[in-house]
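A quick write-up on the structure given underneath.
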Amino acid sequence: MYSAEGLAEGYFELDEYSDILKDKLVRYRALTEKKALSQSERAERAELRCELKDIPAGLSPDARDEFEEIERGDSKYGKSFA
């Protein structure tokens, strides 16, 4: 049986993880949409891509879908940025 405290702790850690993952996806999208990247931005984009491509679909299907959408070049605003 799970304690209420344990469940709450697990929920908030998961929520914190979700926020970190969302922030990484937002940043990755911004870097893929940007036309001219500095060398450090290119390195950051590559690092984020390596991290995000390994998101297990079972862990966060929405995050996985968002990453795949970015990879396809789909924009939330209906235009391609590839």
Side-chain angles (χ1 to χ4, degrees):
M1 185 175 290
Y2 299 102
S3 71
E5 184 177 318
L7 289 172
E9 184 178 314
Y11 172 78
F12 288 113
E13 285 179 15
L14 181 60
D15 196 42
E16 179 182 320
Y17 179 75
S18 293
D19 288 343
I20 292 168
L21 185 55
K22 287 175 194 171
D23 290 346
K24 287 181 178 188
L25 283 163
V26 167
R27 180 65 179 153
Y28 184 64
R29 183 180 289 277
L31 290 170
T32 58
E33 290 178 337
K34 190 171 178 182
K35 299 228 185 260
L37 295 173
S38 68
Q39 189 171 2
S40 64
E41 287 172 324
R42 282 194 300 275
E44 179 185 5
R45 182 182 63 190
E47 184 177 317
L48 285 169
R49 184 175 187 275
C50 287
E51 288 179 37
L52 295 170
K53 73 178 181 175
D54 293 329
I55 299 170
L59 175 66
S60 180
D62 291 339
R64 184 72 195 167
D65 290 346
E66 176 78 10
F67 174 73
E68 289 174 0
E69 179 181 290
I70 295 167
E71 288 292 281
R72 284 192 310 267
D74 297 340
S75 171
K76 286 187 171 184
Y77 309 107
K79 48 188 171 175
S80 175
F81 51 80

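Pairs passing the ring pair (Phe, Tyr, Trp, His ring centres under 6.0 Å) check and including a residue from residues 21-67, sequence neighbours excluded, read Tyr28-Phe67.
For the pair Cys50 and Asp54, the tightest heavy-atom approach, listed with the atom from each and the gap, is O-OD2, 3.3 Å. Residues Glu41 and Leu37 share a closest heavy-atom pair of OE1-CA, 3.4 Å. In this structure, Leu25 and Ile70 approach most closely via the heavy-atom pair O-CD1, 3.8 Å.
Contacts of Ser40 classified as side chain to side chain contact (heavy atoms under 4.5 Å, CB included), with partners at least two apart in sequence or in another chain: Ser38. Legend: residues meeting side chain to side chain donor-acceptor pair (under 3.5 Å) with Glu47, ordered by chain and number and at least two apart, are absent. For Lys53, there are no side chain to side chain donor-acceptor pair (under 3.5 Å) partners, not counting sequence neighbours. Annotation: salt bridge (Lys or Arg N to Asp or Glu O under 4.0 Å) contacts of Arg45 (sequence neighbours excluded): none. Remark: Arg27 pairs with Glu44 by the salt bridge (Lys or Arg N to Asp or Glu O under 4.0 Å) rule, at least two apart or across chains.
When hydrophobic clusters are built by joining Ile, Leu, Val, Met, Phe, Trp and Tyr residues whose side-chain heavy atoms come closer than 4.5 Å, directly or via intermediates, Ile55 is not grouped with Val26.
Annotation: side chain of Glu66 is not in contact with side chain of Lys22 (no heavy-atom distance under 4.5 Å). For the pair Leu52 and Leu21, the minimum side-chain heavy-atom distance is below 4.5 Å.
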